[in-house]
Amino acid sequence: MAVSEMREKGWRNDGRAKVTGGAKFTGDLKFADMLHAVPVYADYIHALLTGINTAEAEKSPGVVRVLTYRDVPGANRFGQIIRDFCIFADDRIRCHGDVVAVVVAETRAQALAAAALVRVEAEPLPALLDPEKAMQPDAILIHESHGSNIINTHRVRSGDTEKGFAAADLILEKTYTTPFVEHAYMEPEVSIALPRPDGTMEVYGSMQHPFSTRRFVAACLGLPLADIEVIGTPLGGGFGGKDDTAAIVCARTALAARLLNRPVKMVYSRQWSIRESYKRHPYKVDYKMGLTREGRITAVDCRIIADGGAYCSVTPWVTWRSTVQCCGPYVVENVHCDTFGVYTNNPVTGAMRGFGSPQMNFVIESMIEEAAEKLGLTGIALRRMNLVRQGSTTITGQKLEGHTVAMEQVLDKVLEEIDYQNKLARCSHGRGNEEELYGIGLAMSYRGVSLGAEGVDFCAAIVNVQADGSVLLEAGVHENGQGAEAAMSLILARELGIDVDKIRYRRSSTSVIPDSGTTVASRGTIMGGGAVALAAQELKQKIAVFAAPELACAPEEISFTSNQIIGRGGRSLPFAEVIRGMFQKQQFPYALGVYRAPQVSWDEETGQGKAYFTWVYGCQAVELTVNRKSGKVRLLNAVACHDVGKAINNTMLLGQYYGGMAMGTGYALHEDLHIDGGRIGHTNLNRYRIPRSTDLCEMRAIVVENHDPVSPTGAKSIGEPSNEIMAPAIANAIHHATGVRYYHLPIRIAGTDVPEEAQKRGQL
Amino acid sequence: MKLTVNGVTHEIDAGLAEMRLLDWLREELGLTGAKAGCEIGACGACTVLVDGRPVKSCTRRLRDVAGKSVLTIEGLTPLDGSLHPLQQAFLDAGAVQCGFCTPGMILAAHALLLRNPAPARAEIRQALQGNLCRCTGYQQIIDAVELAAKSYQK
């Protein structure tokens, strides 16, 4: 099948395996002589750990060993930024998800029975559950070695906010709060570790980041990176959630395998997964915005407090994105922003789809609409007055250039597609006598692509053509379910002008491809695809030099199409024949492609710099009704438009739109872990309600393709943009339906929120 | 106790009567297409058909299904290496991402289409509401079921 057809049909290299039940996820694998491990928790939120008694458990039938922190030969504490994450609780229990021991037994049932016999002795400490209290100087320290409960701070200092507010005709000040959110990937954590005879360790796991997992495993075992091989298996969803905690599950499993010299499997139940895994950060945002009568934003002052939970994880990076994007896609000259990531004894928080942007976009896009209303303008007019445009300077002093700034383009497309202006006029605003109140709303964002100044950003791909012309491809990005492998394969097929079925994507191994970082930040297609394109270009150069004499032309005149290598005047040779010739002449048609993200910069003191090397631009709108009596929200229609740079696999691209919109809907309306006193109340999917098919409406995706010159393929990203503005679009639609503005997610509408028409008249 | 799975009848030891159908399929028969996502019947990843009706196999003991006929995703797949039209439609419509919910989702859709070969989109949503998917937003899953419906209309 031609590449063009396959990108339309959503071809996936793993598609057949996944629809036939043949795909082997980690939990589906079995190895001879395999032991089973389960974690042991203790019902404390914050406590000094004074003893772990494993004697009874060890005597239990089938139990081989019970592991605690004392058994860790390497580092019991590790982390990507601060090494505070405990493989096993050691001096203290810091949150309800802490694991104190792992029971290893011949069967899982035996391990489960024994886990209940582990006795934990601990002296409770005061639990810090409110980040603002945890920030107080006299608060008990959760990590004494850190010297403070403030994990990190970020800031933006730009212009003069005092002057900016003085020039404002309207100053709006509001406080917003957002909740913990569970990723709720359908596959709970699982891992298998296999000790090899040469002393190395093979690891399979439901984890998103093989290289990150390898670092955790190696640190825990006290072994060099080269001794650990993490091998990719199909992953049952990640959404940012299978990094640290999933890696630690692998580390504990590898520890057991190392000490017992047998394969060990650890399968998590949903309850353990929800109890232990990190969540999206809850935010409290105090936001002050000044505007002129005409609608020009003159100043923003905001204070962002993120609950980091018991461990650092990637809180400094998550909150950095929130800081950089704290004014949304608007030009604001005077900005003062202070951001704090804070330790508490709540569930740990870390990366989740959006990575610090869903919280801020809810705030900003709600503020914009509220300000517009107060000024007697439409939200659209206010946005148009302030949107970033080609050549605009962001709040961190970055000039938006070198790519198309498509803010107005995506806005116009959404307005037209959903007939926004006409429908806005029909919104109920809580008035009238109808039972179902109607509203339409939208939200916009720009999003820095990939890691930005958060980290080192480069990626590798290896193209290894075999003697018969078949091709092995591997890239340093991980298949998280999004279709990364298929996208990489399609990029290579197009570059080499060969059929995609000639390409076999190798199962990824940390021992083969160079460490290319993590498949996060919607960077898979731009970074991995960039590396593949560059590898293909290098390979084509080698092939062209080889084939040029035979085709009687210069290497630069050669092109690659339809499985042929084509020279001047229509002369051509089959791809496979040229490759065979290369092997005969002792030449390997092999290339390593490395894509290095363009230079970015950041000054922590001033919060100024070129934060990201490029940006994506998006707009989403939603129509809904709210039942006046029950408060029940029903979505009617949703439209999303993003400038993705270039579509690689069209059908899979749409899937990223829809999936992000659905997850954003859950954030807006449904998802609540019901955390009380540091304990998660809703630990399974019956109570933690992610959107069902019947909670959603028909959705429509509009793809804008302004090829991005900094991306070797022209492609940017979509995974997170589609997710990060759904909640504010819904909040704005609910406001237009009810006349009521909500400052907390998920939005809970009590029937009494919407005044009866009579009461409303009375108030007026 | 007898149980037919994908057309093959198994004689089951009475001692296994309390075993969960999901565990038996996965552990004893190696049919790992049915997945454990929640183990309380909330997510649908373990869905199989019992006498043509979708059942969450984590909520059934073997004694509950004795004498009945079970269809798993492996049994829906044609033996000749081709795909069932519904499986093909899931690929063509882009209804597969991580794939963890896919076997259960396909079987739930299969049961719907056997019962109603021309469902409206709202009926498809209704029929799939017990099967959770975190990746797709269901849009392309509904597209796939619509696409496959024609092959059930005979």
Side-chain angles (χ1 to χ4, degrees), chain A residues 9-12 14-25 27-30 183-188 234-239 267 269-271 480-483 649-663 665 684-687 690-696 698-699 701, chain B residues 26-27 30-45 72-78 83-84 86-106 121-122 124-143:
Chain A
K9 287 193 89 173
W11 172 83
R12 299 184 61 112
D14 55 0
R16 184 187 163 81
K18 285 182 172 176
V19 296
T20 58
K24 292 289 178 193
F25 293 74
D28 301 332
L29 301 175
K30 273 186 191 173
H183 303 76
Y185 24 74
M186 295 314 298
E187 175 197 35
L235 179 76
F239 317 110
V267 181
S269 70
R270 177 63 62 181
Q271 284 90 343
N480 294 341
Q482 76 282 47
N649 186 337
N650 216 47
T651 309
M652 286 292 107
L653 170 66
L654 300 187
Q656 287 298 310
Y657 275 78
Y658 303 137
M661 294 161 85
M663 198 176 272
T665 301
N684 210 326
L685 298 172
N686 56 338
R687 305 297 300 282
I690 66 169
R692 295 173 181 280
S693 52
T694 42
D695 293 323
L696 295 164
E698 295 295 326
M699 297 182 267
Chain B
R26 288 178 57 84
E27 301 301 326
L31 298 173
T32 57
K35 309 293 184 199
C38 70
E39 302 182 85
I40 56 165
C43 80
T72 72
I73 191 68
E74 292 87 353
L76 189 74
T77 310
L83 292 176
H84 184 277
L86 187 55
Q87 291 171 321
Q88 187 63 50
F90 263 63
L91 293 182
D92 291 345
V96 178
Q97 286 190 37
C98 86
F100 201 78
C101 75
T102 305
M105 197 68 81
I106 289 178
R121 288 180 72 88
I124 300 172
R125 272 187 200 282
Q126 201 60 41
L128 299 181
Q129 69 155 341
N131 291 72
L132 297 179
C133 171
R134 189 62 152 168
C135 296
T136 65
Y138 309 96
Q139 182 81 13
Q140 289 161 304
I141 291 174
I142 296 163
D143 293 345

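Residue numbering restarts at 1 for every chain, and letters A, B, ... go by the order of the sequence lines. If you're wondering where the values come from, they're calculated on a predicted model, not measured in any experiment.
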When the 4.5 angstrom heavy-atom criterion is applied to B:A127 and chain A, the contacting part is neither

With a 3.5 Å cut-off and no angle check, do the side chains of B:Q139 and A:E698 form a donor-acceptor pair?
yes

Discussion item. Contact between B:Q97 and A:K18 at the side-chain level, heavy atoms closer than 4.5 Å - yes or no?
Written reply: no

Nearest heavy-atom contact between A:R16 and B:L91 is N-CD1, 4.1 Å

Bottom line for A:A184: the part with an atom under 4.5 Å from chain B's heavy atoms is both

To the nearest 0.5 Å, atom CD1 of A:I690 lies from atom CG of B:L132 at 4.5 Å

Less than 4.5 Å apart, any side-chain heavy atom of A:M663 and any of B:R134? yes

Honestly, the part of A:F239 sitting under 4.5 Å from a heavy atom of chain B is side chain

Looking only at heavy atoms, the pair that brings B:T136 and A:Y658 closest together is O-CB, 3.2 Å

Honestly, the part of B:T77 sitting under 4.5 Å from a heavy atom of chain A is side chain

So, the part of B:E74 with a heavy atom under 4.5 Å from chain A: the answer is both

Output for pair (A:R692 CZ, B:C43 SG), nearest 0.5 Å, gives 9.5 Å

If you apply the rule side-chain contact (heavy atoms from CB on, under 4.5 Å), what do you find for B:C135 with A:Y185, and how did you get there?
CA-CA 8 Å; B:C135 296; A:Y185 24 74; over 6 Å; no

Okay, A:L235 and chain B: the region with an atom under 4.5 Å from a heavy atom over there is backbone

When the 4.5 angstrom heavy-atom criterion is applied to B:I106 and chain A, the contacting part is side chain

Note: vs chain A, highest number of non-hydrogen pairs under 4.5 angstrom among B:G94, B:A42, B:G37 is B:G37

Bottom line for B:A34: the part with an atom under 4.5 Å from chain A's heavy atoms is neither

For residues B:K35 and A:D28, determine if any side-chain heavy atom of one lies less than 4.5 Å from a side-chain heavy atom of the other. yes

For the backbone of A:P691 and the side chain of B:Y138, can you confirm whether one donor and one acceptor N or O come within less than 3.5 Å of each other? yes

- request: State whether the side chain of B:E39 and the backbone N or O of A:Q271 hold a donor-acceptor pair below 3.5 Å, judged by distance alone.
  value: no

Applying side chain to side chain contact (heavy atoms under 4.5 Å, CB included) to B:E27 and not counting sequence neighbours gives A:K30

*Are B:Q129 and A:D695 close enough that some pair of their side-chain heavy atoms sits under 4.5 Å apart?*
no

Looking only at heavy atoms, the pair that brings B:V96 and A:V19 closest together is CG2-CG1, 3.6 Å

Most heavy-atom pairs under 4.5 Å with chain A, out of B:C101, B:G33, B:C98, B:G137, belong to B:C98

Scored by heavy-atom pairs under 4.5 Å with chain A, the best of B:I40, B:T102, B:L86, B:I142 is B:I40

Nearest heavy-atom contact between B:F100 and A:M186 is CE2-O, 3.2 Å

Applying a strict 4.5 Å limit to non-hydrogen atoms, the region of A:M661 in contact with chain B is neither

Under 4.5 Å to a heavy atom of chain B? For A:P188 that would be side chain

Most contact-rich option vs chain A, by heavy-atom pairs under 4.5 angstrom, among B:C38, B:P103, B:A45, is B:C38

